[in-house]
Amino acid sequence: MIELPSLDSIYDVADWVELVLASGEEDVVSKSLISNTIEALQGNEPPEAFISSVMLELRRRESLYSTPYYEVSSSLVRRLEGDSPLEYKALLLFALFGTRSASINAKLFERFTTFAVQGVFGAQSYCFGWPVLPDTPVAIADRLRVLCEKLNERFVESPAAKYKDRGVDVVFWLPHDGRSSQVVGLLQCAIGENWRGKTSGIPLTSWKQYIHWAAAPITAFAVPGVFPPDEEWHETSAEAGVLLDRPRLLRGTERSRLPSDFAEEIATWIETTLQEVAA
């Protein structure tokens, strides 16, 4: 059975149920299986209200996904026929186990998001964050100049050399005719449980000093999990900008598939990681 890393979060337990189904480990997950798994790990039975909240969260997610991956009844969650897409499995693993080897997984998620936003917005994108990809300039000043050339925006000055990416992991834009005055997004990615501490990580005022934007950019924030609903959703968006969570990223990869070489890399990573997290 896949390890359950967190016992007191309905969102993490819901992620675990999705991953158990998506990986093919189980075709059906019952409320009793969830309860028994938690009880075996913590030594006492979780409250019925907690298990019911997990089921409600799974039902909420069921309505958010554009493609159905499972169906929820009163006491069962059943995997739908067919193999789950590798993009779906990758995002579940990023959400549950993303901080185990953070430097590797964080960069994989940045690259994943770089491709996903192309489908989400119909945009072009550039993986800006640190550590840089092999074909990307190391110095932030050089990366800014490359970015300005791509966007046809005016470079003004560089951040201090101590800054690796100044909070920005991915830049996306909606090109029109090669001119500036376009929709540009500065996006930050976060995996694992630390995303709440990063929602104000892009200093937009500083970025307006580095580049003379013809039209001010927007900010965005991407996580592999599913954001909590209602007030927390609105409060996070007010601070971080446009929110991209698992349902939205999956819509992006449905509209614009991952390049074949990167998809193969992700598939290998999924296989290795599933072996590592088997309890």
Is there a donor-acceptor pair closer than 3.5 Å between any side-chain N or O of Thr199 and the backbone N or O of Ala240? no
With side chains defined as the heavy atoms from C-beta onward, is the minimum distance between Asn105 and Thr273 less than 4.5 Å? no
Treating Lys107 as the side-chain partner and Pro131 as the backbone partner, does any N or O pair qualify as donor plus acceptor under 3.5 Å? yes
If you take all heavy atoms of Lys164 and Arg143, which pair is closest and at what distance? O-NH2, 2.6 Å
Rounded to the nearest 0.5 angstrom, the NZ-OG distance for Lys31 and Ser52 is 3.5 Å
Under the rule for side chain to side chain donor-acceptor pair (under 3.5 Å), what residues qualify as partners of Ser66, not counting sequence neighbours? Glu254
Shared ILVMFWY cluster between Ile218 and Val170, side chains joined below 4.5 angstrom? yes
Take Phe97 and Leu92 through the side-chain contact (heavy atoms from CB on, under 4.5 Å) test and state the conclusion after the steps. CA-CA 8 Å; Phe97 304 104; Leu92 288 167; over 6 Å; no
If two hydrophobic side chains count as joined below 4.5 Å and joins carry through other members, does Leu274 share a cluster with Val17? yes
Heavy-atom pair of closest approach, residues Glu110 and Gly129: OE1-CA, 3.9 Å
Please assess Asp8 against Gln42 for the test side-chain contact (heavy atoms from CB on, under 4.5 Å), listing each intermediate value before the final yes or no. CA-CA 10 Å; Asp8 57 0; Gln42 71 180 9; over 6 Å; no
Under 4.5 Å between side-chain heavy atoms, hopping through other hydrophobics if needed: is there a path connecting Leu76 to Tyr70? no
Give me the atom names and distance for the closest heavy-atom approach of Val156 to His212. CG2-N, 3.5 Å
Nearest 0.5 Å please: distance from the CG atom of Leu19 over to the CD atom of Glu26. 12.0 Å
Roughly how far, to the nearest 0.5 Å, is the CD atom of Glu153 from the OG atom of Ser180? 5.0 Å
Chi angles and distances behind the side-chain contact (heavy atoms from CB on, under 4.5 Å) call for Ile34, Phe50: CA-CA 10 Å; Ile34 301 170; Phe50 180 86; 5.8 Å; no
Are any non-hydrogen side-chain atoms of Pro247 and Arg61 less than 4.5 angstrom apart? no
Give, for atom CG of Asp15 and atom CG of Leu4, the distance between the pair rounded to the nearest 0.5 Å. 10.0 Å
Does any N or O in the side chain of Ser237 come within less than 3.5 Å of the main-chain N or O of Gly241, such that one atom is a donor and the other an acceptor? yes
More than 12 foreign heavy atoms under 6.0 Å from CZ of Arg60: is that the case here? yes
What is the minimum heavy-atom distance between Arg59 and Ser73, and which atoms define it? NH2-O, 3.3 Å
Verify, without hydrogens or angle tests, whether Ser256 (side chain) and Gly252 (backbone) share a donor-acceptor contact under 3.5 angstrom. no
Any luck finding a side-chain donor-acceptor pair between Ser35 and Glu39 under 3.5 Å? no
Mark yes when over 12 heavy atoms from residues, nucleotides or ligands other than Arg78 sit less than 6.0 Å from its CZ; otherwise mark no. no
Counting N and O atoms only, with roles assigned by atom type, does the side chain of Arg79 sit under 3.5 Å from a partner on the main chain of Gly82, one being a donor and the other an acceptor? yes
Side chains of Leu249 and Pro224: closer than 4.5 Å at any heavy-atom pair? no
Is a side-chain N or O of Asp169 found less than 3.5 angstrom from the main chain of Cys189, in a donor-acceptor match? yes
Worked check of side-chain contact (heavy atoms from CB on, under 4.5 Å) between Leu144 and Ile211: CA-CA 8 Å; Leu144 273 175; Ile211 297 175; 3.9 Å; yes
How about CG on Asp261, more than 12 heavy atoms from neighbouring residues, nucleotides or ligands closer than 6.0 Å, or not? yes
Ignoring hydrogens, what is the shortest heavy-atom contact between Leu33 and Val28? Give both atom names and the distance. CD2-O, 4.5 Å
I want to check something: taking the side chain as every heavy atom from C-beta on, are Thr219 and Trp207 in contact at a cut-off of under 4.5 Å? no
Exercise: identify the closest heavy-atom pair between Ile202 and Gly167: CG1-O, 3.4 Å
Whether the Tyr65 and Arg246 side chains hold a donor-acceptor pair (N or O, under 3.5 Å, no angle test) is what I'd like checked. yes
Does CD belonging to Glu232 count more than 12 external heavy atoms closer than 6.0 Å? yes
Could you check whether any side-chain heavy atom of Val146 comes within less than 4.5 Å of a side-chain heavy atom of Lys150, counting everything from C-beta outward? yes
Is Leu186 close to Val171 at the side-chain level, that is, under 4.5 Å between some pair of heavy atoms? yes
Once you round to the nearest 0.5 Å, how far does OG1 of Thr113 lie from CZ of Phe221? 10.5 Å
So, Thr272 side chain and Trp269 main chain: donor-acceptor pair closer than 3.5 Å or not? no
Applying the 4.5 Å side-chain criterion to the ILVMFWY set and letting contacts propagate, would Phe128 and Trp213 be lumped into a single cluster? yes
Got Phe172 and Val120 here, is their nearest side-chain heavy-atom distance under 4.5 Å? no
With a 4.5 Å cut-off on side-chain heavy-atom distances among I, L, V, M, F, W and Y, is there a chain of contacts connecting Phe112 to Trp130? no
With sequence neighbours excluded, residues passing side-chain contact (heavy atoms from CB on, under 4.5 Å) with Glu25: Met1, Ile2, Val20, Ser23
Side-chain ion pair, Glu149 and Arg145, N-O less than 4.0 Å: no
If you measure from CG on Asn152 to CG on Leu147, what distance do you get to the nearest 0.5 Å? 11.5 Å
Keeping Gln182 on the side-chain end and Leu151 on the backbone end, is there a donor-acceptor pair under 3.5 Å? yes
Got Leu258 and Leu86 here, is their nearest side-chain heavy-atom distance under 4.5 Å? yes
Which residues pass the ring pair (Phe, Tyr, Trp, His ring centres under 6.0 Å) test with Trp233, sequence neighbours left out? Phe227
